[in-house]
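A quick write-up on the structure given underneath.
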Number of protein chains: 2
Amino acid sequence: MFSGEASRPSGGENSLATRAAWLSFIGGLTQDEIASRLSMSRVKVNRLIAQAHRDGLIRVFIEGTPQECVTLEDRLCRMFGLSGCFVAPMLDEGERPLPVETLAVAGARVLHNALETGQARIIGVGHGRTLAAMADRLPRQPRDGVRFVSLLGSLTRNAAANPFDVIHRLCERTGAESYFLPVPFFADTGEDKAVLMAQRSVRHALDLGRQADLVIAGLGEVASGSFLVKTGMITVEELDELHRLGAVGEILGRFFDAKGRLVDAEINARAIAIDLADLQGKEVVILAGGKSKPQAIRSILSTGLVTRLVTDEATAHAVIEAAPQGN
Amino acid sequence: MFSGEASRPSGGENSLATRAAWLSFIGGLTQDEIASRLSMSRVKVNRLIAQAHRDGLIRVFIEGTPQECVTLEDRLCRMFGLSGCFVAPMLDEGERPLPVETLAVAGARVLHNALETGQARIIGVGHGRTLAAMADRLPRQPRDGVRFVSLLGSLTRNAAANPFDVIHRLCERTGAESYFLPVPFFADTGEDKAVLMAQRSVRHALDLGRQADLVIAGLGEVASGSFLVKTGMITVEELDELHRLGAVGEILGRFFDAKGRLVDAEINARAIAIDLADLQGKEVVILAGGKSKPQAIRSILSTGLVTRLVTDEATAHAVIEAAPQGN
DNA sequence: ACGGACATCGAACGAATGTTCAGCGGGGAG
DNA sequence: CTCCCCGCTGAACATTCGTTCGATGTCCGT
């Protein structure tokens, strides 16, 4: 019946360890006090407790919802060598494919922190709905000496949620200076791109982008329902080509495949944006979540390009579970 | 109503505390590392962890029992024919008469185990400070299909540590259903008791209690400083009568003498609680310890009513040593 | 607006904890 | 018996933790 702990070995030495651990963790005594109570040196008490710890005699439970999230964060950090990770508790029980709201709040918190602590002076910014929402969620906080710079072309047919808009909102809320690229998202041809990239204002902004301490970007998907397609940034033909070449996601205007390598699509050569190689060594944060994103997240994380991930609980689960066991 | 839950929402801050605590205790990170990961100062991390500790978000169990305690457990089991026994290493060298903390942790461990292994579906619950503390120490663990039922009257003048409160906390932590008797602890007269016992809700709860797989109760003492007296549940006159009749302890609202027999006190006839005879054949666990309890423990154990004892080391010693040498 | 009560923050310091290392002693082989 | 090996021990040191205190910010009432 009640098969409790009737048969527990409890070896001699182990017994002392248990007692020391009990006094320390539950009794809240200091190791010195335990030492004198058990008539041994403090060092020995320390060793006993360490042993109890190694032997798994100590079970710790942490209350609270975010516990699961923290678990996920930890696993993601270790799995992909991230320097940081934030998994937001799911807000939207509903099946909206993009938990924009959740990510926006979480991202705003991350950015707010970075600003608050003055860690970042120049901040590179990507594009996308999530980033735009994040900018909206950022508390107003005047920040002198901070500069936001867009890392990609700005002018598009669609006014909402383009890089210019994101930058605009950010600088409005912080009073920071903002820089953006007064050129299209994608040039029409490779030659056009060269011309546009040569513009002084573009060069200046890109130079600034290369000096950024912190980069915040979203992650685009490659699907007919994707943001880029729906807003007419890329055509269905281009989408087809991307699919054919195995593209699974997009970051800062560049499309990459399941291994995180840039695909050889013609459109990738026309993107007017900072070179991804220039991000090496920077703190690169991406905000990404939703049912269609796990694979793209996994791919880009595996490259080591990204140092921080902000996502939601469901997506974190999906990323971890679908990940190949390696690394 | 007796709302045991006075905690403010504080989702955001509490969430941070949980994260910090998790990273510290489970992740094993140093506070510096946590600070940099959460982008805050180390001092703040320290404060968050301290807060988590204060709020009781952190539960620690120690597996195993020191050898000396195992010996005591074994002797108690054989001496009183118990099916199980748990002797907690003593914490309070000091002179606190009631090692509530120790028993609470130990009891929580026992209950946690019972829930974990799914051995108990319906659990009868008594009253008292120790049980209330135990409920507080129980880790949150959603358990479907488990029902807690109070075995005695609930409504009293004192809001804290009454059966309702214990039940309430337990169900809050496990998500289980809870049942309690919406009547006083003691009826004013025997007739009142009959009326109250006839209430459908009372009958229903008591019926459920009779089906319990597991019963967890405390052990009350008969002294002017006892919990029941101090909270005004029984008067000094009643206490005197109990003394005169040789009462040495109380379990589930009934007072018994040194031989474990219910005393013929008038108050015993007014207690609104499950009949002790209905506990026959059940797993009955009692949590009891402290300098004033050994005699009561010995008496009740000698009846065979109790199948499991959770106590502290000092009390275990006292129970064994003062026991009549036989067997 | 002003000022005061109050909360919050982080540098700094002392306490507690974890780790290293030289010394000790027992036991086995030569 | 001597020597070496090995594990244990605790002093000393290094790291981490917890608390205090003054500074700074925030809220609210006059």
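Side chains are part of it too, since the values below use all heavy atoms of this structure and drop only hydrogens, waters and symmetry mates. Treat the numbers as computed from the prediction; the structure is a model and nothing was measured. Protein chains get the first letters and strands the later ones, always in sequence-line order, with residue 1 at the start of each.
A pairwise comparison of heavy atoms in B/L138 and B/L170 identifies CD2-CD2, 4.0 Å as the closest pair. Between A/I26 and B/V105, the closest heavy-atom pair is CD1-CG1, 3.3 Å.
Of the charged side-chain nitrogens involved, at least one lies within less than 4.0 Å of a carboxylate oxygen, so that A/D278 and A/R210 count as a salt-bridged pair. Checked for salt-bridge contact, B/E313 and A/R19 meet the test: a charged N lies under 4.0 Å from a carboxylate O. Between A/D213 and A/K282, no side-chain nitrogen of the basic residue sits less than 4.0 Å from a carboxylate oxygen of the acidic one, so the salt-bridge criterion is not met. Classification of A/E177 and A/R147 as a salt-bridged pair fails, no side-chain N sitting under 4.0 Å from a carboxylate O.
With sequence neighbours excluded, the residues that form a side-chain contact (heavy atoms from CB on, under 4.5 Å) with A/R109 are A/F86, A/N113, B/L16.
The nucleotide range of DNA chain D contacted by chain A, defined by atoms under 4.0 angstrom from heavy atoms of the protein and reported 5' to 3', is D/dT9 to D/dA11.
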- Note on the structure: Quick tally for nucleotides 14-19 of chain C: nucleotides whose base has a protein heavy atom under 4.0 Å get B, sugar-phosphate-only ones S, the rest -, giving --SBBB
